[in-house]
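Both ligands and their constituent atoms are indexed starting at 1 by order of listing. All heavy atoms count here, side chains included; hydrogens, waters and symmetry mates do not.
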Amino acid sequence: MTIFDKIIARQIPANIVYEDDLVLAFKDVKPAAPTHILVIPKKCIPRIAEAQPDDHKVLGHMLLKAGEIAKKAGLEQSGFRLVINNGPDAGESVPHLHLHIMGGRSMAWPPG
Ligand code: 5GP
């Protein structure tokens, strides 16, 4: 069970901003931007490279909800970034797929 499964099960607290049957979204405990929210599937897909064809519904849902959550957070005009880290070189630290929504400051490209 990952830390994110424990958040889904309400075994550890999180600042939840959105929930439905497929996904949960909550504030990152160590924000790297003024707005930093994680969107996770309730089904544990470890990382995007391990997603299966029948995960397409939840994957699309995560993106649609990320856009809505970013807009609700007031980021539509200023902009925001969506990030998925996959594996060690990308800095993935929790083996439960998560989409970072980051905004509220200007960001460099390419990422470090
Ligand atoms: P990754 O580096 O795997 O792409 O991102 C994992 C993210 O999860 C990090 O930004 C980290 O701060 C966040 N995180 C790790 N543990 C917890 C936790 O217990 N609660 C919350 N809200 N965020 C967490």
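Contact annotation for N15 and ligand 1: no heavy atom of the residue comes within less than 4.0 Å of the ligand. Heavy atoms of K27 found under 4.0 angstrom from ligand 1 belong exclusively to the backbone. Heavy atoms from both the backbone and the side chain of S93 come within less than 4.0 Å of ligand 1. When non-hydrogen atoms are compared, ligand 1 lies under 4.0 Å from neither the backbone nor the side chain of V83. At a 4.0 Å heavy-atom cut-off, ligand 1 touches I3 through the side chain alone.
Assignment of H100 to the shell around ligand 1 is supported, since a heavy atom sits closer than 4.0 Å.
A salt bridge is absent between K43 and E50: the closest approach of a Lys/Arg side-chain nitrogen to an acidic carboxylate oxygen does not fall below 4.0 angstrom. A salt bridge does not link E68 to K71: none of the charged side-chain nitrogens sits closer than 4.0 Å to a carboxylate oxygen.
Residue contacts with ligand 1: G91 is placed with a nitrogen or oxygen under 3.5 Å of a nitrogen or oxygen of the ligand (distance criterion only). The shortest N or O to N or O distance between V29 and ligand 1 is below 3.5 Å. For ligand 1, none of its N or O atoms has an N or O atom of E92 under 3.5 Å away. On a distance-only criterion, V94 and ligand 1 share at least one N/O pair closer than 3.5 Å.
Close approach to I7 involves these atoms of ligand 1, each under 4.0 Å from a residue heavy atom: 20 (N). The ligand atoms of ligand 1 that sit less than 4.0 angstrom from a heavy atom of F26 are 21 (C), 22 (N). Ligand 1 places these atoms under 4.0 Å from at least one heavy atom of K30: 12 (O).
Of the possible polar contacts, one joining the N86 side chain to the A49 backbone as a donor-acceptor pair under 3.5 Å is found. A donor-acceptor pair under 3.5 Å links the side-chain atoms of R10 to the main chain of I8, judged by distance alone. Judged by distance alone, with hydrogens and angles left aside, the side-chain atoms of R105 form a donor-acceptor pair with the main-chain N or O of A32 at under 3.5 Å. In this structure, Q11 contributes its side chain and K6 its backbone to no donor-acceptor pair below 3.5 Å.
In this structure, CD1 on I40 lies 5.0 Å from CG on L24, to the nearest 0.5 angstrom.
From the protein, the heavy atom lying nearest to atom 12 (O) of ligand 1 is D28 OD1, 2.5 Å. Ranking the protein heavy atoms by distance from atom 5 (O) of ligand 1 puts H98 NE2, 3.0 Å first.
Within the structure, ring pair (Phe, Tyr, Trp, His ring centres under 6.0 Å) pairs that include any residue of residues 79-112 comprise F4-H98, H36-H100, H98-H100 (at least two apart or interchain).
Test I37, V39, I101 against V17 for side-chain contact (heavy atoms from CB on, under 4.5 Å) and you get one pass: I37.
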May I have the list of side-chain donor-acceptor pairs in residues 56-63 shorter than 3.5 Å, sequence neighbours left out?
{"residue": "H56", "atom": "ND1", "partner": "P53", "partner atom": "O", "Å": "3.1"}
{"residue": "H61", "atom": "NE2", "partner": "D20", "partner atom": "OD2", "Å": "2.6"}

